[in-house]
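What follows is one structure encoded as structure tokens, with my remarks underneath.
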Amino acid sequence: MRAVVFHGPGDLRQEEVPWPEPGPGEIVVKIEAALTCGTDVKTLRRGHPVMIPRVPTVFGHELAGTVTAVGGGVHHLREGDHVVPANSAPCGRCRLCLGGRPNLCEDLLFVNGAYGEAIALPPRLVARNVVSHRASLPAAHAAFAEPLACALLAIDRGRVEDGQTVVIFGHGPLGCLLAMVAAARKARVIIVGKAGFRLPRVAALGVAECVDATSTGDLAATLRAKTGGRGADVTIDATGRPEVWAQAVAAVTRGGTVVFFGGCAPGTTVPLDTRRVHYEELTLVGAFHHTPETIRRAVELLESGAVNPEGLLTHRMGLAGVRDALDLMSRGEALKVLIQP
Ligand SMILES: [Zn+2]
Ligand SMILES: [Zn+2]
């Protein structure tokens, strides 16, 4: 089969590799849709010791497709099932898994290989984190389950409720998915982004008001004015930039919650107004990755149409286009590129 293989930072190659066969406990999925992700861009630039511990490996981690072969001992999935595999599976045995936080599993197994014609999924993933979905859900939408599950976890961590105002910093695909989930909970959503290819497309989704940070002299004042002078109930950073983490804290109201969703570079620190954190009882929480439960809820939201990601698909390409697709992503000239092998 054809596949796009990662050999190390900057080294992505189109190759012919053997069509996978399922071992015991495994399944083979013929990939119908794969999606580009900001993490791919970062990984291509500098590698990723956690998500890609070994090279070479077929690249990409957001996919959906159809089961074509089932290994011995697999009884809950069968040939012809439409499935979306998550890109990781928790161990189910460590302290954090047993404590109900499998996204923080001490032995999270990551799976890559979305940019190929097919993938063999390992037994732990097959057992815990492959979800079948209705045939009526297009694979191109089902493939959003993974990033959407990350957004769901963050909105859960922010305890976003009906009637609240949520400010999301970052107008990439995850900023948009966070906005869609918050809007589905009947929150009023404001996205802070920067003028360019993405912002008008984000505005066209119709789920959030957009603020262009580059045309606002005083962003904090603009956000205060939009929130009755009080600040937002919940603010979420989806940029991974320390100055934006600080803005997210500055923009939240008394008693509000700040969710740190975007990961900053290793070693980053940010200053904190301790008076506000203490006397205004700010809740500051991190949100990382997803759980088998949020993956399943993500598939339900996509199946029911409560979240429709169609507007995030700005480009469609074949496997030969992966390199170009990731270049578009790194220049901020795409939201999600659909790769159809
Ligand atoms: Zn991703
Ligand atoms: Zn675990």
Side-chain angles (χ1 to χ4, degrees), residues 4 6 12 31 33-53 57-65 84-116 119 122-125 127-131 139-154 170 172-178 180-181 238-240 261-263 287-295 298-299 302 307 309 312-315 322 325-326 328-330 332 334-339:
V4 178
F6 178 74
L12 210 52
I31 297 170
L35 299 172
T36 57
C37 168
T39 306
D40 296 341
V41 176
K42 261 199 291 190
T43 303
L44 182 56
R45 206 175 289 145
R46 61 186 189 213
H48 200 304
V50 179
M51 279 178 71
I52 303 193
T57 180
V58 180
F59 206 46
H61 62 272
E62 298 178 11
L63 69 113
V84 52
N87 65 331
S88 69
C91 76
R93 287 190 302 269
C94 72
R95 173 180 67 86
L96 287 149
C97 279
L98 295 174
R101 300 178 76 179
N103 57 316
L104 302 181
C105 174
E106 290 164 351
D107 180 29
L108 210 48
L109 170 73
F110 280 94
V111 174
N112 296 283
Y115 303 144
I119 184 172
R124 191 204 284 181
L125 191 80
R128 299 219 165 90
N129 231 355
V130 176
V131 183
H141 290 190
F144 276 91
E146 192 271 327
L148 180 58
C150 296
L152 269 170
L153 185 114
L174 274 157
C176 296
L177 290 169
L178 288 160
M180 288 174 171
V181 176
T239 71
F261 181 78
F288 169 69
H289 206 51
H290 49 66
T291 66
E293 193 257 336
T294 60
I295 289 282
V299 172
L302 293 162
V307 168
L312 299 182
L313 293 171
T314 53
H315 301 75
V322 166
L326 296 177
L328 286 173
M329 296 287 288
S330 70
L335 283 167
K336 283 281 196 189
V337 182
L338 173 61
I339 305 294

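Both counts, for ligands and for their atoms, begin at 1 and track the order of listing.
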Supply the atom-to-atom distance [X] [atom1] to [Y] [atom2], rounded to the nearest 0.5 angstrom.
| X | Y | atom1 | atom2 | result |
| --- | --- | --- | --- | --- |
| His141 | Leu148 | NE2 | CG | 12.0 Å |
| Thr239 | Leu174 | OG1 | CG | 12.0 Å |
| Leu326 | Leu44 | CG | CG | 6.0 Å |
| Phe288 | Leu104 | CZ | CG | 7.5 Å |

Does [X] reach the main-chain N or O of [Y] with its side chain, forming a donor-acceptor pair under 3.5 Å?
| X | Y | result |
| --- | --- | --- |
| Lys336 | Thr36 | yes |
| Arg128 | Pro292 | no |
| Thr291 | Pro102 | no |

Under 2.8 Å from the Zn ion (ligand 1), the protein N, O or S atoms found are Cys37 SG, His61 NE2, Glu62 OE2
Note on the Zn ion (ligand 2): protein N/O/S atoms within less than 2.8 Å are Cys91 SG, Cys94 SG, Cys97 SG, Cys105 SG
Sorted by chain and residue number, the side-chain hydrogen bond (donor to acceptor under 3.5 Å, both in side chains) partners of Asp40 (sequence neighbours excluded) come out as His61, Tyr115
For residues 84-109, the side-chain hydrogen bond (donor to acceptor under 3.5 Å, both in side chains) pairs (sequence neighbours left out) are Asn87-His290, Ser88-His289, Asp107-Arg124
